[in-house]
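Report on one structure; see the data block that follows.
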Number of protein chains: 2
Amino acid sequence: MGNHLSAKARAILDFIARTQAERGAPPTLREIGRRFGIRSTNGVRYYIDRLELEGLIRRRPGAARGAIPEAPTAPGLAILGQIAAGDPVLSEEQIEGRLDLERLERGSPDFALRVRGDSMKGAGILDGDMVLVRQDPTPRDGEIVVALIGDESTVKRFYRRGERVVLQPENTDFDPIVVTESSPQLRILGKVVGVYRETV
Amino acid sequence: MGNHLSAKARAILDFIARTQAERGAPPTLREIGRRFGIRSTNGVRYYIDRLELEGLIRRRPGAARGAIPEAPTAPGLAILGQIAAGDPVLSEEQIEGRLDLERLERGSPDFALRVRGDSMKGAGILDGDMVLVRQDPTPRDGEIVVALIGDESTVKRFYRRGERVVLQPENTDFDPIVVTESSPQLRILGKVVGVYRETV
DNA sequence: TTGCGAACTGAACATTTGTTCAGTATCTTT
DNA sequence: AAAGATACTGAACAAATGTTCAGTTCGCAA
């Protein structure tokens with residue numbers, strides 16, 4: 001034993017997980033209620049609260065079908081903070097989090113783009129690196145973006161200067177690109193949310 | 001060719017599939033619209049209709065998040081080579097490969113380590129970056145390694161010089177570390193097979 | 001027998017979300 | 001030059017769905 005969760009709560013968790021797997025989306029509160037003979041959505045909510053407290057369910061408040069079972073196994077790579085001498089590298093104490101490309105903290109990317117040239121060397125983005133891009137045509141000042149200038153895609157830092165947009169390289173060997181905001185030559189594809197490189 | 005579905009429609013399908021995989025439930029019409037710059041839910045509906053006609057999407061009418069992809073798509077992120085103007089970003093022609101952290105081309109990493117300090121700045125590894133490490137105590141000359149020197153873990157370039165091992169920073173502000181190969185102070189944890197950084 | 005917590009009921013209510021409809025701008029085709 | 005097709009916009013609407021609140025029932029402990 002040791003687990004203070006009722007059999008009914010378990011059955012509900014199982015139902016949610018199975019529904020999600022079978023048809024691609026979790027059930028609604030009312031669907032759960034119908035299945036278990038609970039007539040009030042609040043009765044179902046009572047169980048969802050319980051499951052969430054146990055960490056068995058993740059919840060997105062307000063969203064339809066927002067009760068989502070936590071995956072049993074953690075995906076991605078273990079992130080270590082500072083490695084301590086002594087105990088083995090992958091021991092629990094050393095694990096700071098998990099790295100999963102499709103679930104970043106700050107915003108999950110839509111695609112990766114291979115970078116050509118050294119114009120962003122100063123920002124640690126080298127020739128051949130891949131930038132992870134979140135599609136978003138409205139970057140904020142100072143963010144690194146992927147832009148299409150005419151026929152060329154380019155990675156630069158984005159600044160708005162009145163009517164104009166400045167695409168600023170981070171390498172003194174290169175000059176900034178300045179265009180009017182409404183230019184048909186300019187298309188902002190998205191912003192860079194991550195950088196990735198394979199070495200060796 | 002052969003398939004009469006627009007590149008944008010494909011990109012939307014990809015987004016739906018990925019959203020479903022990542023958070024357990026498909027996106028709403030408005031979420032799709034926001035992502036693709038389509039302001040009217042009916043504009044999104046137009047694409048969903050199209051995808052359903054092609055049999056790529058199953059639909060549960062009236063249900064929230066009712067558009068569910070029929071077939072799972074490839075895991076990982078699409079890697080684009082050079083983006084061509086004209087058709088939208090995620091069209092098949094532009095996809096060069098797929099990026100999956102747990103299946104790299106050159107050797108899959110065992111863990112990720114957060115880097116402290118700027119000693120490898122010249123190699124494009126900045127403070128706060130994560131290096132992806134393959135556990136391997138026998139690096140080749142010139143490879144970047146993670147080493148434990150006494151109690152400190154450090155990321156440096158590895159060189160063998162006769163009896164000695166040189167751990168070389170890539171920043172002129174730092175000095176190389178030289179130790180004898182058999183020193184109990186030195187432990188090579190593995191080699192860096194990738195670098196990863198979240199921006200913004 | 002009273003009190004208390006677990007497990008709900010019932011009924012609003014507020015949002016979220018899908019649906020429908022009437023248009024429009026931009027193409028390409030006729 | 002007119003007719004369609006494509007790819008939407010905008011607005012209104014209704015249905016689906018999560019949230020909240022005030023109670024209720026029942027078993028069990030004090």
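These numbers were taken from a predicted model, which means no experiment stands behind them. Here is how names work: the chains are called A, B, and so on, in the same order as the sequence lines, proteins then strands, and each is numbered from 1.
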Please report the distance, rounded to the nearest Å, between [atom1] in [X] and [atom2] in [N].
X        : N       : atom1 : atom2 : value
Phe36(A) : dA7(C)  : CZ    : P     : 14 Å
Ile16(A) : dG18(D) : CD1   : P     : 10 Å
Arg60(A) : dT17(C) : CZ    : P     : 8 Å
Asp49(A) : dA6(C)  : CG    : C1'   : 13 Å
Glu31(B) : dG18(C) : CD    : P     : 8 Å
Leu29(A) : dT20(D) : CG    : C1'   : 13 Å
Leu51(B) : dG18(C) : CG    : P     : 15 Å
Arg59(B) : dG18(C) : CZ    : P     : 10 Å

Output all residues satisfying salt bridge (charged side-chain N to carboxylate O under 4.0 Å, His left out) with Lys156(B), sequence neighbours left out; order by chain, then residue number. none

Using atom types as modelled and distance alone, determine if a side-chain donor or acceptor of Glu31(B) lies under 3.5 Å from a backbone N or O of Thr28(B). yes

Salt bridge (Lys or Arg N to Asp or Glu O under 4.0 Å) partners of residues 42-51 of chain B, not counting sequence neighbours, each pair once: Arg45(B)-Asp49(B), Asp49(B)-Arg59(B)

Got a sec, which pairs hit ring pair (Phe, Tyr, Trp, His ring centres under 6.0 Å) with one end in residues 18-45 of chain A, sequence neighbours left out? Phe15(A)-Phe36(A)

Any pair with a residue in residues 163-180 of chain A that passes side-chain hydrogen bond (donor to acceptor under 3.5 Å, both in side chains), sequence neighbours left out, goes on the list, sorted by first then second residue, please. Arg157(A)-Glu170(A)

What parts of residues 38-46 of chain B reach DNA chain D, counting only heavy atoms under 4.0 Å away? Ile38(B), Arg39(B), Ser40(B), Asn42(B), Gly43(B), Tyr46(B)

For residues 140-147 of chain B, please give each side-chain donor-acceptor pair under 3.5 Å, one per line with the distance, not counting sequence neighbours.
{"from": "Asp141(B)", "atom 1": "OD1", "to": "Arg160(B)", "atom 2": "N", "distance (Å)": "2.7"}
{"from": "Glu143(B)", "atom 1": "OE1", "to": "Arg140(B)", "atom 2": "N", "distance (Å)": "3.0"}
{"from": "Glu143(B)", "atom 1": "OE1", "to": "Lys191(B)", "atom 2": "NZ", "distance (Å)": "3.4"}

Given the structure, check if the side chain of Arg65(B) and the base of dG18(C) hold any donor-acceptor pair shorter than 3.5 Å. no

